[in-house]
Amino acid sequence: MKFAKYALASAAATGLAFAALTALPTFAKEMTVMVGGAPMFPSKNIIQNAVNSKDHTTLVAAVKAADLVALSGKGPFTVFAPTNDAFAKLPAGTVETLLKPENKTQLTQVLTYHVVPGRITASDLAAMINKGGGKAMLKTVEGEDLSFGMKDGAIWVWDAKGDSAKITIKNVLQSNGVIHVIDTVLLPS
């Protein structure tokens, strides 16, 4: 009889624990990274996550204007995602000009310059930088290269014009790749 009571109590406790776990919100079950005040779910794709970040509304508007639906595809992609503050550093009127329908080709070039094929984590980048003697080069979807190196304990990216961006949030895993948040918009030559 004692065993039956114990087994019943144990089963009830297990049931409650299971119910509590299943009642947790999705982000508590997944290893998420917070970006722009929103959890980035590894089970969602790049576009599904980016639309929730308050820090990436300009990037999302640009992706929509360029009609880059490929970023919601299978991938994998590595995206270096500039924040709203990064876009604000551009000369006045630049973003507005790029978002005009007649500038879709130029906007697409700028956006795809922030995308590298494959799922490249920060540790992958660091290994490439070490193997390259302090520098790594990756070809973007746009077709030009980005340079990577370490500076002040962080990974930095240099564009074709020599401007640099710091990776401020790394390894935001997605179902179709990874996002690294950067603090400057990169521009192809």
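All values below were derived from every heavy atom in this structure, side-chain atoms included, with hydrogens, water molecules and symmetry-related copies excluded.
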- Task: Mind checking side-chain hydrogen bond (donor to acceptor under 3.5 Å, both in side chains) for Thr83 and listing every partner two or more places apart, or none if nothing turns up?
- Result: none

- side-chain hydrogen bond (donor to acceptor under 3.5 Å, both in side chains) with His180: which residues, sequence neighbours excluded? none

Nearest heavy-atom pair of [X] and [Y]: which atoms, and what distance?
X      : Y      : result
Phe87  : Thr58  : CG-CG2, 3.5 Å
Val141 : Pro117 : CG2-CD, 4.1 Å
Ala160 : Glu144 : CB-OE1, 3.3 Å
Asn52  : Ala38  : O-CB, 3.2 Å
Ala65  : Leu99  : CB-CD2, 3.9 Å
Ala62  : Leu111 : O-CD1, 3.4 Å

- Item | The single option from Leu90, Asn84, Val185 passing side-chain contact (heavy atoms from CB on, under 4.5 Å) against Val95 | Leu90

- Note on the structure: Output for pair (Phe80 CZ, Ile120 CD1), nearest 0.5 Å, gives 6.5 Å

- Item | Distance, nearest 0.5 Å, that separates NE2 of His114 from CD1 of Ile182 | 4.5 Å

- Applying salt bridge (charged side-chain N to carboxylate O under 4.0 Å, His left out), name anything that partners Asp145, two or more places apart in sequence or on another chain. Lys139

Would you tabulate the side-chain donor-acceptor contacts of residues 123-137 under 3.5 Å, counting partners in other chains and residues two or more places apart, or write 'none'?
| residue | atom | partner | partner atom | Å |
| --- | --- | --- | --- | --- |
| Ser123 | OG | Thr121 | OG1 | 3.1 |
| Asp124 | OD2 | Thr121 | N | 3.0 |
| Asp124 | OD2 | Thr121 | OG1 | 3.1 |

- Got a sec, which pairs hit side chain to side chain donor-acceptor pair (under 3.5 Å) with one end in residues 152-179, sequence neighbours left out?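 Counting only pairs at least two positions apart or across chains, the side chain to side chain donor-acceptor pair (under 3.5 Å) contacts touching residues 152-179 are Asn49-Gln174.
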
- Task: Sequence neighbours left out, what pairs pass side chain to side chain donor-acceptor pair (under 3.5 Å) with at least one residue falling in residues 86-111?
- Result: Lys89-Thr184

Hey, any chance [X] and [Y] share a hydrophobic cluster, counting ILVMFWY side chains that come within less than 4.5 Å of each other, even indirectly?
X      : Y      : result
Val116 : Leu186 : yes
Ile169 : Met150 : no
Ile46  : Val33  : yes
Leu59  : Val115 : yes
Val181 : Phe77  : yes

- Message: In the structure I gave you, are the side-chain heavy atoms of Thr140 and Thr112 within less than 4.5 Å of one another anywhere?
- Response: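 A side-chain contact under 4.5 Å is absent here.
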
- Please assess Val35 against His56 for the test side chain to side chain contact (heavy atoms under 4.5 Å, CB included), listing each intermediate value before the final yes or no. CA-CA 9 Å; Val35 176; His56 290 89; 3.5 Å; yes

